[in-house]
Amino acid sequence: MRVVRIRYAHSEPLFWRARVEVVEAGNIEAARYLADGVAEMGFVPITLAAELGLPVVPRLAIYSVGPIISARLFRGRGPGGYCAVSDTTVSALVLRRLLGYSFTRVEDPWRALEECGGVLAVGDEALKMADRGVPHIVDVGELWWSRVGSPLFFAVLVARRWGPEAEAAVAEMENSVAAFYENPAPLVEAVAGRLGVRRGLVEEYFMRSRYLVGPGGREAMAREAELLGLPPLRFVEAP
């Protein structure tokens, strides 16, 4: 079974020990792969899962309870206006809904720092900006927690169909997360080296990132979709 992995560091604990066939993609590309049948299961932004009606498996997700570091509106040095990287959907929508911000889309967040008053960066580039001391205006996870008081789900696991193969793939990813929590040091070192950022920042980032969805997670996902003005989520009926 092919599983879509979003190509940011936050996906590492889910896949580093998982024996699954991986298809890598960006946020928006990931949803297109699932919608078009390129893969049978994978992680997609919760916004696109709702909009495309992709069935959510409420056992694994990529989410935060409070600050997350990798989704921040950084302070730019430009004359004004807010910009956002083109690959973000959830963070931009949260800032629009909660703060009324609108964004001009950009491809290069580093160049945008010179042109915009604020730059919404996500994923690995946001971690690099944080590591280099770029000041931020707001952390999206922290904002959601302070205003809403529930976890903020960035990406959810969806499956086009459910059966023994899907169950086995989910179990592989759950075991990968468990192995990471048992001994996080090797993965922390690898990610810090690959991104060229401080080990301590990666440790903090993975401490803030959540993957296993516990009791109440399904309801929190559904509430998030409602608050963001999205279509109701569909859930896999027997995960």
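Residues: numbered from 1 along the sequence shown. Small disclaimer: the values here were computed from a predicted structure and weren't measured.
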task = Give the intermediate values and the outcome of side chain to side chain contact (heavy atoms under 4.5 Å, CB included) for residues I28 and T89.
result = CA-CA 8 Å; I28 296 171; T89 62; 4.1 Å; yes
Intermediate values then yes/no, side chain to side chain contact (heavy atoms under 4.5 Å, CB included), L227 and R223 = CA-CA 6 Å; L227 290 175; R223 181 175 183 232; 4.0 Å; yes
note = Quick note, side chain to side chain donor-acceptor pair (under 3.5 Å) partners involving residues 173-183, not counting sequence neighbours, are R59-E174
task = Find out if a path of hydrophobic residues (ILVMFWY) with successive side-chain heavy-atom gaps under 4.5 Å connects I6 to L212.
result = yes
note = Nearest heavy-atom contact between V90 and P45 is CG2-CB, 4.0 Å
Please output the side-chain donor-acceptor pairs of residues 185-198 that fall under 3.5 Å, not counting sequence neighbours, one pair per line with the distance.
unit_1: E189; atom_1: OE2; unit_2: R199; atom_2: NE; d: 2.7
unit_1: R194; atom_1: NH2; unit_2: E12; atom_2: OE2; d: 3.3
unit_1: R198; atom_1: NE; unit_2: D131; atom_2: OD1; d: 2.9

Distance-only donor-acceptor hits, side chain of residues 65-76, under 3.5 Å, sequence neighbours excluded:
unit_1: S70; atom_1: OG; unit_2: Y205; atom_2: OH; d: 3.0
unit_1: R72; atom_1: NE; unit_2: D139; atom_2: OD2; d: 3.1

task = For the residue pair P231 and E51, establish whether any side-chain heavy-atom pair is separated by less than 4.5 Å.
result = yes
task = State the CG-CG distance between L54 and L157, to the nearest 0.5 angstrom.
result = 11.0 Å
In one Ile/Leu/Val/Met/Phe/Trp/Tyr side-chain cluster, 4.5 Å: L228, V122 = yes
key: Contact summary for G42 and V3, nearest pair of heavy atoms   = CA-CG1, 4.0 Å
ask   = Other than V106, which residues form its hydrophobic cluster under the rule that side-chain heavy atoms must be closer than 4.5 Å?
value = none
ask   = Salt bridge or not for R208 and E204, using N-O below 4.0 Å?
value = yes
task = Taking the side chain as every heavy atom from C-beta outward, state whether P184 and F206 have any atom pair closer than 4.5 Å.
result = no
request  = Indicate yes or no: does K128 engage E125 in a salt bridge with an N to O separation below 4.0 Å.
outcome  = yes
request  = Determine whether Y63 and L143 fall in the same hydrophobic cluster, where Ile, Leu, Val, Met, Phe, Trp and Tyr are linked whenever their side-chain heavy atoms lie under 4.5 Å apart.
outcome  = yes
request  = Identify, with sequence neighbours excluded, every residue that meets side-chain hydrogen bond (donor to acceptor under 3.5 Å, both in side chains) alongside T88.
outcome  = none
Rounded distance (nearest 0.5 Å) linking atom CD of E107 with atom CZ of R105 = 10.0 Å
Check residues 147-156 and write down every donor-acceptor pair under 3.5 Å in which the side-chain atom is one partner and the other belongs to a residue at least two apart or another chain.
unit_1: R147; atom_1: NH1; unit_2: L98; atom_2: O; d: 3.1

task = Just jot down the side-chain hydrogen bond (donor to acceptor under 3.5 Å, both in side chains) partners of R97, sequence neighbours excluded, or say none.
result = none
remark   = Quick note, salt bridge (charged side-chain N to carboxylate O under 4.0 Å, His left out) partners involving residues 29-38, not counting sequence neighbours, are R7-E29
key: Counterpart residues, side-chain hydrogen bond (donor to acceptor under 3.5 Å, both in side chains), relative to Y211 (two or more places apart)   = none
task = Using the test side-chain hydrogen bond (donor to acceptor under 3.5 Å, both in side chains), find all partners of S102 that sit at least two apart in sequence or belong to another chain.
result = none
Pair V158-L52, side chain to side chain contact (heavy atoms under 4.5 Å, CB included): steps then yes or no = CA-CA 11 Å; V158 303; L52 297 173; over 6 Å; no
note = Smallest heavy-atom separation, R218 atom then P58 atom, equals CB-CB, 4.2 Å
note = d(H136 NE2, M129 CE) to nearest 0.5 Å is 13.0 Å
message = Testing the basics here: between A49 and V44, what is the closest heavy-atom pair and its distance to 0.1 Å?
response = CB-CG2, 3.7 Å
request  = For residues M41 and V20, determine if any side-chain heavy atom of one lies less than 4.5 Å from a side-chain heavy atom of the other.
outcome  = no
key: Spacing of E165 atom CD and E167 atom CD [to the nearest 0.5 Å]   = 12.0 Å
ask   = According to a 4.5 Å side-chain heavy-atom criterion applied to Ile, Leu, Val, Met, Phe, Trp and Tyr, with indirect links allowed, do V140 and I46 form part of one hydrophobic cluster?
value = yes
task = Please check if Y8 and V134 belong to a single hydrophobic cluster, counting links between Ile, Leu, Val, Met, Phe, Trp and Tyr side chain heavy atoms closer than 4.5 Å.
result = no
inquiry  = Taking the side chain as everything from C-beta on, heavy atoms only, tell me whether I62 gets closer than 4.5 Å to S11.
reply    = yes
request  = Determine, stepwise, if the pair F43 / H10 fulfils side chain to side chain contact (heavy atoms under 4.5 Å, CB included).
outcome  = CA-CA 11 Å; F43 292 87; H10 61 32; over 6 Å; no
inquiry  = Please give me the minimum heavy-atom distance between A39 and L34, naming the atom from each residue.
reply    = O-CD1, 3.7 Å
ask   = Got a sec, which residues hit ring pair (Phe, Tyr, Trp, His ring centres under 6.0 Å) with F103, two or more places apart in sequence or on another chain?
value = none
Distance (rounded to the nearest 0.5 Å) between E24 CD and R5 CZ = 5.0 Å
query = Among R160, R161, R2, which one satisfies side-chain hydrogen bond (donor to acceptor under 3.5 Å, both in side chains) with E40?
reply = R2
query = Is the shortest heavy-atom distance from the side chain of V177 to the side chain of L14 under 4.5 Å?
reply = yes
request  = Keeping to residues at least two apart or across chains, list the side chain to side chain donor-acceptor pair (under 3.5 Å) pairs with something in residues 76-85.
outcome  = R77-E114
query = Between atom CG of L95 and atom CH2 of W144, what is the distance when rounded to the nearest 0.5 Å?
reply = 11.0 Å
Non-hydrogen atoms of A169 and M1 that approach each other most closely = CB-SD, 4.3 Å
